[in-house]
Amino acid sequence: MNKWLCCALVFLNISIKWTTQETFPPKYLHYDPETSRPLMCDKCPPGTYLKQHCTARWETVCLPCPDLYYTNSWHTSDECLYCSPVCKELQYVKQECNHTHNRVCECEEGRYLELEFCLKHRSCPPGYGVVQAGTPERNTVCKRCPDGFFSNETSSKAPCRKHTNCSVFGLLLTKKGNATHDNICSGNSEFPKKCGIDVTLCEEAFFRFAVPTKFTPDWLSVLVDNLPGTKVNAESIERIKRRYSSQEQTFQLLKLWKHQNKDQDMVKKIIQDIDLCENSVQRHIGHANLTFEQLRGLMESLPGKKIGVEDIERTRKTCKSNQQLLKLLSLWRIKNGDQDTLKGLMHALKHLKTYHFPKTVTHSLRKTIRFLHSFTMYRLYQKLFLEMIGNQVQTVKISCL
Ligand SMILES: *[C@@H]1O[C@H](CO)[C@@H](O)[C@H](O)[C@H]1NC(C)=O
Ligand SMILES: *[C@@H]1O[C@H](CO)[C@@H](O)[C@H](O)[C@H]1NC(C)=O
Ligand SMILES: *[C@@H]1O[C@H](CO)[C@@H](O)[C@H](O)[C@H]1NC(C)=O
Ligand SMILES: *[C@@H]1O[C@H](CO)[C@@H](O)[C@H](O)[C@H]1NC(C)=O
Ligand SMILES: *[C@@H]1O[C@H](CO)[C@@H](O)[C@H](O)[C@H]1NC(C)=O
């Protein structure tokens, strides 16, 4: 290789090293005009401009930028930059100009900058949701709602929402949703009143009252023949007989009959009378505003199969506070082969001591049990029962009591 070229490369290599070396303050290469020797001068800091290069004897001289001028990095320029003039239409000053920062303008809320103009963020139409909200620099990004999601509005903010899961609320799906419409669940208007309790404590007490204390052959058939309204079909009766103990069969039959005949006047009348009983129960325990932990404590104390935390969470979401306890008891009854709730509750109250449970509530629950088993209530059950089956089997019933 040529000797001179070799020297030049070595020199270049060294000078690159010098300028890229990370020193502080940063430096730059300058040739002293008097001696023509290379010097490493300090650069000027942000907020200043270069007045004089350094010499063998003097350091670099930097002076502050004048008003409305700035420099924002270490540099070697002999002038500051002029701050951008006032902001454009529909922009606001995000940061005023000072010696180290240019003025920053930004589009107003809801707009973004596109070729000098602040344009409105796009709104996603129904069926589309926002996947990236707009910023002052970028437009909204919309995307068609995927399966299971919907958007029923024109919005620059709203993402697609999940279709309501009807079963979580104990409701039936009556119309499947699409990208623009939510699922429609049935029973929506009923839930705040009943919160999906299929048999209330009063109904249960009444149904159980109708269970004969002594073995009565063909009791189920006698009942079926005498109950007004639509008859429970033979197939269902067979199923009840197969599935449930003789103690439980009457309860199951009446439950099914009530369900099939709930629009009949007779059943409505019975339910009205039962409602008086419900009101009393509500008066006793409706004010009990139990926390999640307290409900869990009570559910843990019930015998048999346990009600899980998911059920408690769901109940707290779907039922009003004065219905939550009753709903959970009804879930427990169903889970445990339609066991007698009041018996389960008595058991629970005996075993509840270990939990921090409000005394007023245990007291009210005991009172409720006594109330439902009281002589007054038995009289009511008897009256209702006789009304329900008519007078034909009065003799049968009375001999059974
Ligand atoms: C200049 O403005 C910037 C950004 O607004 C700020 O961080 C900085 O402290 C300001 N400097 C002075 C000297 O006010
Ligand atoms: C959109 O759907 C929700 C949830 O089903 C509903 O509450 C709301 O009223 C609907 N809005 C319009 C504009 O249809
Ligand atoms: C709805 O909720 C139920 C119970 O929580 C769950 O089993 C089911 O998978 C859910 N359905 C959908 C479509 O998410
Ligand atoms: C979505 O469902 C609604 C009502 O259920 C219906 O009017 C609409 O046409 C459906 N849209 C599509 C794209 O199927
Ligand atoms: C039950 O308690 C919750 C939270 O402690 C409260 O928000 C709610 O209003 C209470 N409800 C009743 C009926 O007292």
Side-chain angles (χ1 to χ4, degrees), residues 25 43-49 62-75 77 80-87 91-107 123-130 136-137 142-192 195-198 292 295-296 299 305-319 324 327-328 330-332 334-335:
K43 287 187 175 179
C44 285
T48 64
Y49 65 94
C62 306
L63 292 180
C65 294
D67 280 354
L68 299 181
Y69 287 82
Y70 74 100
T71 49
N72 58 7
S73 59
W74 288 83
H75 65 100
S77 163
C80 296
L81 301 165
Y82 187 54
C83 287
S84 307
V86 287
C87 293
Q91 283 188 331
Y92 73 102
V93 182
K94 194 181 177 207
Q95 265 169 17
E96 247 324 335
C97 146
N98 63 24
H99 292 167
T100 56
H101 289 76
N102 192 5
R103 173 181 285 125
V104 180
C105 298
E106 203 169 83
C107 291
S123 288
C124 308
Y128 290 79
V130 174
E137 294 81 37
C142 303
K143 207 171 159 201
R144 188 158 180 80
C145 296
D147 271 3
F149 289 79
F150 78 104
S151 165
N152 61 356
E153 54 189 319
T154 300
S155 164
S156 60
K157 298 238 158 62
C160 297
R161 291 190 285 160
K162 247 197 159 115
H163 284 147
T164 301
N165 185 338
C166 297
S167 66
V168 167
F169 297 95
L171 303 169
L172 287 175
L173 174 65
T174 41
K175 190 147 202 285
K176 193 156 168 41
N178 54 28
T180 52
H181 288 74
D182 194 6
N183 282 341
I184 296 174
C185 309
S186 74
N188 241 333
S189 56
E190 211 185 350
F191 120 71
C195 126
I197 298 174
D198 71 333
F292 175 83
L295 287 172
R296 199 172 69 155
M299 289 303 112
K305 291 187 194 143
K306 303 295 179 201
I307 292 297
V309 288
E310 315 83 55
D311 283 320
I312 300 176
E313 269 160 11
R314 192 173 311 151
T315 301
R316 280 171 64 81
K317 273 195 213 123
T318 52
C319 296
Q324 289 169 2
K327 170 70 177 182
L328 287 171
S330 124
L331 287 176
W332 173 84
I334 295 166
K335 196 165 189 156

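In listed order, ligands and their atoms are each counted from 1. Values below: every heavy atom of this structure, side chains too, minus hydrogens, waters and symmetry copies. Since this is a predicted model, take the numbers as computed values, not measurements.
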Per-atom contacts, ligand 2 versus Asp182 - under 4.0 Å to a heavy atom:
4 (C), 5 (O)

For Phe150, atoms of ligand 2 separated by under 4.0 Å from a heavy atom:
2 (O)

closest protein heavy atom to atom 13 (C) of ligand 3 is Asn165 ND2, 4.6 Å

Who's closest to atom 2 (O) of ligand 2 heavy-atom-wise, of Thr180, Asn152, Ile184?
Asn152

Does Thr180 use its side chain to pair, donor to acceptor, with the backbone of Asn152 at less than 3.5 Å?
no

To check your reading of the model: name the closest protein heavy atom to atom 12 (C) of ligand 1, its residue, and the distance in Å.
Asn98 ND2, 3.3 Å

May I ask you to identify, for Arg161, whether its side chain, its backbone, both or neither come under 4.0 Å of ligand 2 on a heavy-atom basis?
side chain

Return yes if some donor-acceptor pair links the side-chain N/O of Lys43 with the main-chain N/O of Pro25 below 3.5 Å, else return no.
no

Nearest protein heavy atom under 4.0 Å from atom 9 (O) of ligand 2, yes or no
no

Donor-acceptor under 3.5 Å (Ser73 side chain, His75 main chain)
no

Which protein non-hydrogen atom lies closest to atom 7 (O) of ligand 1, naming both residue and atom, and how far is it?
His101 CE1, 4.2 Å

Within the distance-only criterion (no hydrogens, no angle test), does the side chain of Thr71 pair as donor or acceptor with the backbone N or O of Cys80 below 3.5 angstrom?
no

Decide if atom OH of Tyr92 counts as having more than 12 heavy atoms of other residues, nucleotides or ligands within a radius under 6.0 Å.
yes

Taking the six-membered ring for Trp, are the ring centroids of His163 and Phe150 within less than 6.0 Å of each other?
yes

Do side-chain atoms of Thr164 reach the backbone of Asn183 as a donor and acceptor pair under 3.5 angstrom?
no

Less than 4.0 Å between atom 5 (O) of ligand 2 and some protein heavy atom, yes or no?
yes

